[in-house]
Amino acid sequence: MLPDYFQFSLPTKVIYGIGITDQLADAVQSFGKKKAILVTDKVLRKAGPATRVRNGFSDTGIRIACTFDNVPPNSTIATVKRCAALGKKHKCGLVIAVGGGSVIDTAKVANLLMVKGGKPEDHMGAYLLDKNEALLPSIFFPTTAGTGSEVTRVAVIADPDHDVKLPFTEEQFLPSLAVLDPELTTSMPGKLTAATGMDALTHAIEAYVDKEWSPASDALALHAVHLICNNILRVCAHPEDLPARGAMLVGSFLAGVAFSHSMVGMVHGISHALGGVYHIPHGLANALVLPEVMAYNLPHRRERYADIAGAMGIAFPQLIDGSRSLIANSRLGIFNQILAPVNNVRDWIETQSNRARGLAAKAVDNFEFIDDWVRKQTAAAAVEKIRTLNRQLAYLTGMPLNLKAAGIDDDLARLDQVADTAMEDGAMLYNPVEPEREAVIRIVKKLFRQKIKPLPVTEDDLKPPQTDRRDQRMKNVFKDQQMLYEVLMGFYETLKDHPDVGPAIHQTGLCVQFVYRNPDGVITIDASGDKLTVVKGEFAGRPEVTMTMDADFAHRFWHGRANLISALTRRQVQARGNIPKTLKLLPVLKPAYDLYPKYLRENGLENLILGSLKR
Ligand code: NAD
């Protein structure tokens with residue numbers, strides 16, 4: 001089923017990579033020469049990400065003219081004003097944000113003030129800017145894997161005088177570039193990792209079940225659920241696990257794009273109110289409210305919650321649907337083949353089997369309720385999974401499991417204010433069920449009082465570690481041209497003589513030239529003649545393909561650690577000539593990835609072997 005109408009756009013360029021902050025030159029080249037304001041906070045300045053990003057711009061045309069590092073968690077309108085004043089004073093033409101949602105949202109609204117002037121409150125609302133009114137270009141570096149603010153049109157800024165969080169929505173808030181570097185998130189303490197991760201999960205789940213769903217956001221939301229549920233416990237147990245941190249960051253980004261198109265619902269309505277009235281951190285409020293609202297919405301969105309359960313990895317068999325398709329597809333194929341020449345016998349068998357299939361299908365139809373029941377249980381299991389996750393996160397990080405422990409110390413004296421604020425929140429409009437004030441009160445009361453215990457986590461709950469690719473940053477492997485030639489020429493000669501590789505390369509008949517940079521060098525592998533030859537430097541013939549790359553890239557490539565296709569997209573490798581034909585070489589070269597570290601070891605170059613291959 002499709003909705004009557006939907007639209008989808010993401011003008012932001014997104015780049016992802018472990019340690020990519022240190023390699024910004026290419027990605028920011030199109031910004032040209034710019035004076036920038038860097039928006040961040042004191043914690044991030046101390047923890048490292050802010051300095052890391054500042055250094056990342058050092059060899060680019062972008063100059064950081066001033067830094068605003070006074071953003072508090074749940075940033076305020078006064079903060080935004082001060083930030084905009086600083087950017088204006090330094091006549092900045094670019095806004096860079098390094099931080100969680102509070103920092104990025106501050107940068108968005110400060111940008112608006114720098115261009116349009118006035119007070120933040122003047123700009124509260126949705127799509128007040130004309131379509132062709134531009135803001136300053138911006139680059140966002142998220143340091144939490146939670147809000148997805150780096151790819152949303154939304155900013156949420158607190159107005160502490162009125163205990164509310166003000167929403168701002170503009171198409172122009174989307175940055176020109178979002179940089180997803182998992183290394184910027186490793187300094188997050190456990191509780192923050194847990195709460196922000198649950199925030200991202202909430203975005204994905206609300207985007208998938210609420211009224212404005214669309215096929216594009218559905219696809220993003222389900223994959224986000226999959227990534228987050230598979231990695232959230234692991235990042236809390238092993239904060240330095242970069243691939244798991246990466247999965248969380250990508251999950252948060254996908255969830256951000258999803259909810260930016262589908263909007264969020266009642267969970268956010270209530271947690272915005274808890275943030276505004278009681279200053280409960282946004283992610284934590286979402287984590288606690290999420291299972292309660294899921295249970296409230298469940299009867300109206302069972303199918304969708306069952307899909308979410310599937311994305312979480314909860315599998316219940318579809319007994320009847322599966323049986324029906326088995327029956328429909330069953331064929332007495334073997335008999336048909338044997339009896340092919342005896343037409344009347346074959347027809348008789350076909351008729352009988354059709355009749356049997358019809359009877360079986362009818363019988364199965366009568367049991368359809370079993371599938372309905374299974375789907376219901378699956379959907380309910382999704383709610384239970386969230387409750388379990390919260391308890392496990394509490395075990396791993398000390399995340400509070402009720403609102404009292406989260407900081408409400410007035411015995412919920414302002415419950416009515418929470419309910420009123422929540423009922424006025426825009427997110428409530430998109431909830432699949434019309435939210436009732438009574439339900440809000442019931443949920444908040446329950447969350448205030450509930451006494452549930454943290455749940456121990458076993459090794460089985462934690463996914464195994466994935467490969468850590470920090471070794472990608474082994475730099476300047478070959479000291480000079482002489483070393484480059486010694487190592488690579490020696491290796492290519494080994495390949496040439498290897499019985500599994502040499503003849504296979506020769507068979508391709510290709511002549512491929514590698515042009516290396518840093519240090520410079522040229523090596524040609526020529527399989528076009530009677531003999532396979534490897535030529536150093538000047539080559540008299542005409543190579544079919546020339547590939548230019550950094551020598552460090554070649555070193556990673558021969559470890560089997562570099563993807564040539566994505567390297568071409570990222571312009572880490574430039575290729576001239578018949579590229580598709582060259583790519584056919586890749587399967588032939590597979591054994592070389594094991595041979596290269598072996599060759600290095602045998603030649604006393606063990607120190608050059610990358611990370612986990614050292615043994
Ligand atoms: P946050 O930005 O408020 O940060 C919370 C704390 O974590 C801060 O003290 C910060 O310094 C610290 N921190 C952040 N990254 C860190 C790191 N790598 N290492 C150590 N400390 C780190 O937290 P958040 O959850 O990312 O953002 C919450 C805000 O975002 C709320 O105001 C919420 O309303 C808003 N929000 C915005 C959107 C959107 O689309 N614009 C969506 C959801 C939430």
Side-chain angles (χ1 to χ4, degrees), residues 12 21 39-53 69-77 79-80 97-109 140-160 164-170 173-175 178 180-204 206-207 235 239-240 245 248-249 252-253 255-264 267-276 279-287 425-427:
T12 300
T21 307
V39 186
T40 187
D41 68 28
K42 294 250 171 359
V43 177
L44 288 158
R45 230 177 159 164
K46 208 166 156 207
T51 314
R52 181 91 184 266
V53 171
D69 66 0
N70 268 324
V71 180
N74 291 325
S75 182
T76 63
I77 45 180
T79 308
V80 170
V98 184
S102 300
V103 165
I104 295 178
D105 288 4
T106 302
K108 287 175 177 174
V109 186
F140 295 160
F141 295 76
T143 61
T144 59
T147 67
S149 179
E150 69 279 8
V151 282
T152 71
R153 297 159 173 79
V154 186
V156 191
I157 302 291
D159 175 359
V164 283
K165 294 189 91 176
L166 308 179
F168 302 78
T169 307
E170 295 296 350
F173 281 161
L174 287 166
L180 309 182
D181 182 351
E183 286 190 346
L184 300 186
T185 66
T186 52
S187 51
M188 270 196 286
K191 265 188 208 167
L192 185 66
T193 302
T196 50
M198 289 305 286
D199 186 22
L201 186 57
T202 306
H203 292 152
E206 294 219 282
V235 282
E240 297 294 328
R245 288 278 188 192
M248 291 298 292
L249 199 54
S252 158
F253 141 62
V257 183
F259 94 78
S260 196
H261 287 81
S262 293
M263 307 308 284
V264 282
V267 182
H268 273 77
I270 299 178
S271 54
H272 285 157
L274 287 168
H279 309 290
I280 306 291
H282 179 71
L284 174 61
N286 273 344
D425 195 283

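When a ligand or atom number is given, it counts from 1 through the structure's own listing order. On a predicted model such as this, the values are computed, not experimentally measured, just so you know.
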TODO: Look at the rings of His203 and His268 and say which category their plane angle falls in: under 30° parallel, 30 to 60° tilted, over 60° perpendicular.
DONE: parallel

Open item on the list: Given 3.5 Å as the limit, does a donor-acceptor pair link the side chain of Ser252 with the main chain of Met248, or not?
Closed with: no

Task: Any donor-acceptor pair under 3.5 Å from Lys108 side chain to Thr152 backbone - done: yes

Task: Distance-only donor-acceptor check, side chains Asn74 and His279, under 3.5 Å - done: no

Put together the list of close N/O pairs, under 3.5 Å, between ligand 1 and the protein, could you?
unit_1   : atom_1 : unit_2 : atom_2 : d
ligand 1 : 2 (O)  : Gly101 : N      : 3.2
ligand 1 : 2 (O)  : Ser102 : N      : 3.0
ligand 1 : 2 (O)  : Ser102 : OG     : 3.3
ligand 1 : 3 (O)  : Ser102 : OG     : 2.5
ligand 1 : 11 (O) : Asp41  : OD1    : 3.2
ligand 1 : 11 (O) : Asp41  : OD2    : 2.5
ligand 1 : 15 (N) : Thr143 : OG1    : 2.8
ligand 1 : 18 (N) : Thr143 : O      : 3.0
ligand 1 : 18 (N) : Leu184 : O      : 3.1
ligand 1 : 18 (N) : Ser187 : OG     : 3.2
ligand 1 : 19 (N) : Ser187 : O      : 3.4
ligand 1 : 19 (N) : Ser187 : OG     : 2.8
ligand 1 : 19 (N) : Met188 : N      : 3.3
ligand 1 : 26 (O) : Gly101 : N      : 2.8
ligand 1 : 26 (O) : Thr144 : OG1    : 2.8
ligand 1 : 27 (O) : Gly101 : N      : 3.1
ligand 1 : 32 (O) : Asn74  : OD1    : 3.2
ligand 1 : 32 (O) : Lys165 : NZ     : 3.1
ligand 1 : 34 (O) : Lys165 : NZ     : 2.9
ligand 1 : 40 (O) : Thr152 : OG1    : 2.7
ligand 1 : 41 (N) : Asp105 : OD1    : 2.8
ligand 1 : 41 (N) : Asp105 : OD2    : 3.2
ligand 1 : 41 (N) : Ser149 : OG     : 3.1
ligand 1 : 41 (N) : Val154 : O      : 2.8

Open item on the list: Donor-acceptor check, side chain of Arg153 to backbone of Leu174, threshold 3.5 angstrom: yes or no?
Closed with: no

Task: Working for side chain to side chain donor-acceptor pair (under 3.5 Å), residues Lys165 and Ser271 - done: CA-CA 10 Å; Lys165 294 189 91 176; Ser271 54; over 6 Å; no

